[in-house]
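Here's the structure, in structure tokens; my notes come after.
Convention: sequence-line order gives letters A, B, ...; per-chain numbering from 1.
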2 protein chains.
Amino acid sequence: MLKYNEIATEIEQDILQRNLKQGTKLPKFEELIARYKVSKSTIVKALAILESRGVIYQVQGSGVFVRRRKKYGYINMLENQGFTSDLEEFKITTKVLGVEKIFPTEEIAEYLNCAPGDSLFHVQRIRYINAQALCIEESFFKSSIVPYLNEEIANESIFNYLKSALKLKIGFSDKYLHVIKMKEAESKLLEIETGSPGLFVEELFYLNSGEPFDFSKTTYHHEHSQFFLQSSNLK
Amino acid sequence: MLKYNEIATEIEQDILQRNLKQGTKLPKFEELIARYKVSKSTIVKALAILESRGVIYQVQGSGVFVRRRKKYGYINMLENQGFTSDLEEFKITTKVLGVEKIFPTEEIAEYLNCAPGDSLFHVQRIRYINAQALCIEESFFKSSIVPYLNEEIANESIFNYLKSALKLKIGFSDKYLHVIKMKEAESKLLEIETGSPGLFVEELFYLNSGEPFDFSKTTYHHEHSQFFLQSSNLK
DNA sequence: GAGTGGTCTAGACCACCCT
DNA sequence: GGGTGGTCTAGACCACTCG
């Protein structure tokens, strides 16, 4: 484990466990350097990570302070993987509608930068939050990277499987979103009236090598989903 | 201007001007160090900034590569200020509905952490994209921080005014969003049928000192707005 | 194994806040 | 002016990729 990651995690844990409020002042650099027995740059890096995650903010000449959000139960849009970790207070369950091996359409081959002949795993699922329909999700995984997938795996967190079993390293992701009126197919699955509002999200996930491996389209139920996002520009 | 910012801007400009494609390999560290006559750490920092902005990605042991998004004309959700800069290809215009000085409701006082007696500027605007209604926006500015505001300023970019004229330094922001069915008041202003889908966004902006100074509620027209978001975890 | 990016250090000096 | 964070350097050593 990297030193700056260890320090970042430890500081974050401490904030959560002691339930420190927004604006609480954290120890100064000098103290952190002494406590963790590392150089100043390592502390700088650990704090930069926490700042980019929205856990703290730093004010030059003044100090380092706790940052807390005002509302809970919102899905973090910056997590570039499933929200399994996000909504810990809630019970997320899954119904798998199908897992099948297919060949890509032109649209999807373009997104995933498929070589000719590449096949994909096509997964369709409904996800529930506290037994209420949260979203319907259609994902495409390049089978050159994800060689195996089945209903049992899709029933749990696919991303956990990719990371733990396949040892894949997720690098980054692009999300495109807009609001829609639901068509009949979606609305039936989400148990809502046709024409109801929904959030439609297209996501493209890349390995840390820069290769795209997962394209997915998700439609969220407007009454059971809400999102949040913390920004802070890197200094 | 900071060295790492200069280098970051220069590299980004270069990518855009030469219109480099996703996956194009950029010069190696050694070369950048020689070109800019700085130490390795400065290059590391410049590239970290570009990576967090979604401009490049770095692969250990391999190189630094250009990252480009697949779609354009989307509002960047990570910019923590107006989208004036975002949609350069489009014509954004504004209709100011009102600018008035008020005292906060309890809800807003809570968000903005108002001291007793603090007053606010209340601004209501409709924004248009290529002459089509994009969103309706209601903002509250703490008058202890924004001592003056009028219709003329609100007709342009308020954030530019805050930065240029008032020399405020925006630090970070929180966004909370969910999809709604529009009520009559909003739908009339956005020239859309009542009950139509919309994206409702609550935003809280902080100075770099950590003090919240602007709370705003925006409702987006679902046919004229689309959003994107690039994530990449800090390493 | 050569090439290339990532981590970490010690220390100098700068910039900003606050009293 | 004292306190505290931010920038930058030079250099050692580590870790990953790729041919």
In whole Å, what is the span from the [atom1] atom of [X] to the [atom2] atom of [N]?
X	N	atom1	atom2	answer
B:E30	C:dG6	CD	P	15 Å
B:K28	C:dG3	NZ	P	8 Å
A:M1	C:dG6	CE	C1'	16 Å
A:F29	D:dT4	CZ	P	12 Å
A:I33	D:dG3	CD1	C1'	14 Å
A:N233	D:dG6	CG	P	15 Å
A:K3	C:dA10	NZ	P	8 Å
B:I43	C:dT7	CD1	P	16 Å

- prompt: Between D:dG11, C:dT7, D:dG6, which nucleotide has the shortest distance from any of its atoms to the side chain of A:Y4?
  reply: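 Between D:dG11, C:dT7, D:dG6, the one nearest the side chain of A:Y4 would be C:dT7.
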
query: From D:dG6, C:dA10, D:dT9, pick the nucleotide closest to the side chain of B:S39?
result: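 Out of D:dG6, C:dA10, D:dT9, the nucleotide with an atom closest to B:S39's side chain is D:dT9.
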
query: Ring centroid separation for A:F172 and B:Y57, is it under 6.0 angstrom?
result: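 Between B:Y57 and A:F172, which both carry aromatic rings, the centre distance is below 6.0 Å.
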
Close aromatic pair by centroid cut-off 6.0 Å: B:F140 and B:F121: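 No.
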
task: Determine, step by step, whether A:F200 and A:Y220 satisfy the ring pair (Phe, Tyr, Trp, His ring centres under 6.0 Å) criterion, reporting the C-alpha distance in whole Å, the side-chain angles of both residues, the deciding distance to 0.1 Å, and the verdict.
output: CA-CA 7 Å; A:F200 179 70; A:Y220 288 89; 10.0 Å; no

More than 12 heavy atoms of other groups within 6.0 Å of [X] [atom1]:
X	atom1	value
A:E100	CD	yes
B:E30	CD	no
B:E107	CD	yes

message: Base of D:dG6, side chain of A:K40 - is there a donor-acceptor contact under 3.5 Å?
response: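 A donor-acceptor contact between them is present.
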
query: Do A:K142's NZ or CZ and the ring of A:F213 fall within the cation-pi criteria of under 6.0 Å and 45°?
result: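 The answer is no, since A:K142 fails at least one limit relative to A:F213.
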
field: Terminal helix-axis angle for the helix from C:dG1-D:dC18 to C:dC18-D:dG1, with five pairs defining each axis and rounding to 10 degrees
entry: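 Inter-axis angle at the termini of the helix from C:dG1-D:dC18 to C:dC18-D:dG1: 30°.
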
task: For B:Y74 and B:N76, test the side chains for any donor-to-acceptor distance below 3.5 angstrom and give the result as yes or no.
output: no

query: Of all heavy-atom pairs between B:L20 and B:V66, which one has the smallest distance, and what is that distance?
result: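 So the two residues come closest at O-CG1, 3.8 Å.
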
query: Among residues 46-66 of chain A, which contact DNA chain C at a heavy-atom distance under 4.0 Å?
result: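 A:Q60, A:G61 - these, ordered by number, are the residues of the stretch whose heavy atoms sit under 4.0 Å from the strand.
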
query: In terms of the nearest nucleotide of DNA chain C, which residue is placed more toward the 5' end: A:T42 or B:P27?
result: B:P27

